[in-house]
Number of protein chains: 2
Amino acid sequence: MPSIQDVARLASVSTATASRALSRPDMVATGTRERVEAAAQQLGYQPNVLARSLRQKETRTIGLIVADILNPFHAMLAKGVQDAADQHGYTVFLFNSDEEPAKELRAMDTLRGHLPTGLIVAPTSGTRAHLKTLPDLPVVELDRVSGHAGSTTVTVDNLGGAITATRHLIELGHRRIGMIVGQQDISTAIDRHAGYRAALHDAQLPYDPTLVLPGHHREDDGYRAARQLLGRPAGTRPTALFIGNNEMTVGAVLAARELELDIPGDLSIVGFDDSRWAQTMSPPLTVISQPAYDLGRLACEHLINELGQPRPVTPARVQLPTELVVRHSTGPPAGDALSRAPRPHSVPPPHSR
Amino acid sequence: MPSIQDVARLASVSTATASRALSRPDMVATGTRERVEAAAQQLGYQPNVLARSLRQKETRTIGLIVADILNPFHAMLAKGVQDAADQHGYTVFLFNSDEEPAKELRAMDTLRGHLPTGLIVAPTSGTRAHLKTLPDLPVVELDRVSGHAGSTTVTVDNLGGAITATRHLIELGHRRIGMIVGQQDISTAIDRHAGYRAALHDAQLPYDPTLVLPGHHREDDGYRAARQLLGRPAGTRPTALFIGNNEMTVGAVLAARELELDIPGDLSIVGFDDSRWAQTMSPPLTVISQPAYDLGRLACEHLINELGQPRPVTPARVQLPTELVVRHSTGPPAGDALSRAPRPHSVPPPHSR
DNA sequence: GTGAAAGCGCTAACAC
DNA sequence: GTGTTAGCGCTTTCAC
């Protein structure tokens, strides 16, 4: 790798001039600039980011910690962050916490040594404590909030989304609506749970805690919780399910299939977060959709914007709306309008394009 | 951030000794070592990776360029790479090429400035040329091969997988088997196409080029190609489709649904690459499955292993097997055993767990 | 076993 | 406008 010394020598200038010519062209005579540029070009010179960062104490690097890159929602968050970072000349260090606080802490330690200019994190239950190890780093929390005082947050309206989802089921005539909820130390799970309760309350329906089962956001958790809820004797079994995240929804749908329940004839399902899977599933799933890409993009842009500024006393709170997308996994409960006889799965309607 | 100077001062030693105590404990007296460790602990010292890398000319960083992190297959590759890197104390810089050679080149330029210890890349059509800009960097090509002479490659047996897939359809009685094939400047697409031809040839079936449509690996390409193939008049329309990647398979399935074709009654489908979508689709899809995680893991481990060694004349070629997973999207052609009357979609069998 | 000193490649003060 | 020089934080000779 040629260094700036090589470039300077070839252009017959000092390294300082070469450096200026390349990073502050206006501080240098036109002829000199051109000579330096030609030399750099000829040698295929690429500045050593390490040396520059060490000197400037500024790496133009952003740390990103998502919970699980295999989850399409998180992959989309990452994509949004990366595209925005790219556009502003920042490089992203991506880490997975796999929802494990310990892994998240390891990622932060590694990151710390790389002196990122800022950090974007989709929090786990440990994040609030872990962020204390990075006192001077600008932090944006993405999708979930940890409670750390100094973080800017970029989230969706989880409460509103959950209310809308639950209300949709209520309006269809459901009275026994189960919920599969995420870990109660994760903000999104708490908010969605609260929304569910609020919608029931608004409709003057009782909140039955036995209809609410917890999971850890994984497909398996959704499967197990659904088996348990749907295994209840007829009459106490929920006629509809609101499920707190995308992965658990998959599990719940598989459980319903295994029990040969017709969706939505025997059971209505609303998931949180849209995906191709939800769209092409049969029947296509009614969901609360989230603007995942924009969430990631905005998190990154807010972070970069804040870098110049002094730290405000109250960090920004960005909240994006969600949207109810009604497809074919929700309908009136069986007792209402339809016979309880088992029916074949309906043919899914053509995918709209 | 405390520096090693701070640690040294607190432990009343020179920076040299502090450095040794932390990275080469055996070169230092036990008492000294303990004092330094205590000081480091107390200050929350984290070595500055930039300074270390600059000095050692070795960053313990691996560049990873995948085609599309939103594609679950590529996300899984990335996960495999990252887990392995993590385990060996390496940090991964992840980039997306989005299948665009220009983006790939940009990623490589950025990467170059960060002096990665090695590079893992899922090639685009431009990779072979681009790698010439990184002459001394150990490179592992992942999933696809670019033709670059110096790269170790970690791939699956695409030829064998395609032969198996096509033979499976032939054995079911299909004679008009269409293929939707990827870009013919991507090695996997070439190999899968060749496998398809080879299997036809082995069965003494003619190769009909009008039954083979190209796509650029995207869902939309699969959709369009399938519409075209399935729009042919009955009698010349293929009774089965072998599709060259996961995304295009989604598009093809949606096209078949739109045409209200029963799968597998009217049309058998085999996809390349398994996924949760393929498993939970109705009907569950017959696929050639690939060990994506292992592919990523092995790519990383090979790269790290090679770092010490001198560059061998002939780089390693690692090839992992694929596996035919027969589910319910393949069956005998309609003319053979079943009526051509439209039938309702069959109820998908319970998901095995 | 430990310390002094040099230097990785770069940029920013400071001269001129 | 340009050159000289110092120094970012670290590791590594080379002395002792």
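In this text the structure is predicted, and so the values were computed from the model without any measurement. Every chain is numbered from 1 and lettered A, B, ... according to where its sequence line falls, protein lines coming before strand lines.
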* B:Asp98, B:Leu94, B:Leu77 screened by side-chain contact (heavy atoms from CB on, under 4.5 Å) with B:Ile69, the one that passes -> B:Leu94
* To do: Look at the side-chain N and O atoms of A:Ser19 and state whether any lies under 4.0 Å from the OP1 or OP2 oxygen of C:dT11.
  => yes
* Structure fact -> So the contacted stretch of DNA chain D, first to last nucleotide with an atom under 4.0 Å from a non-hydrogen atom of chain A, runs from D:dG1 to D:dG9
* **Residue pair B:Glu99, B:Arg218: steps toward the side-chain contact (heavy atoms from CB on, under 4.5 Å) verdict** => CA-CA 10 Å; B:Glu99 302 276 9; B:Arg218 305 274 182 194; 4.2 Å; yes
* Asked: Between A:Asn245 and A:Phe73, is any pair of side-chain heavy atoms under 4.5 Å apart?
  -> no
* Considering just the side-chain nitrogens and oxygens of B:Arg55, establish if one lies under 4.0 Å of OP1 or OP2 belonging to C:dG9. => no
* Is the closest side-chain heavy-atom distance between A:Asp86 and B:Lys103 below 4.5 Å? -> no
Polar atoms only, N or O, under 3.5 Å: list the protein pairs with nucleotides 2-5 of chain C and their distances.
from  : atom 1 : to      : atom 2 : distance (Å)
C:dT2 : OP1    : B:Thr32 : OG1    : 2.4
C:dT2 : OP2    : B:Ala29 : N      : 2.9
C:dT2 : OP2    : B:Thr32 : OG1    : 3.4
C:dG3 : OP2    : B:Ser14 : N      : 3.0
C:dG3 : OP2    : B:Ser14 : OG     : 3.1
C:dG3 : OP2    : B:Thr17 : OG1    : 2.5
C:dG3 : N7     : B:Arg20 : NH2    : 2.7
C:dG3 : O6     : B:Arg20 : NH1    : 3.2
C:dG3 : O6     : B:Arg20 : NH2    : 3.4

* **ring-ring contact (aromatic ring centres under 6.0 Å, His included) pairs, two or more places apart, involving residues 42-64 of chain B** => none
* d(CD, A:Gln46; C1', C:dG9) in whole Å -> 14 Å
* Distance, rounded to the nearest Å, where A:Glu58 contributes CD and C:dC10 contributes P -> 17 Å
* Charged N to carboxylate O below 4.0 Å: is that the case for A:Asp109 and A:Arg106? -> no
* To do: Scan A:Leu54 against the nucleic acid and name what it touches under 4.0 Å (heavy atoms): base, sugar-phosphate only, or nothing.
  => base
* Asked: Starting at CD of A:Gln56 and ending at C1' of C:dA13, how long is that distance when rounded to a whole Å?
  -> 14 Å
* Could you check how far NZ of A:Lys57 sits from P of C:dT11, rounded to whole Å? => 15 Å
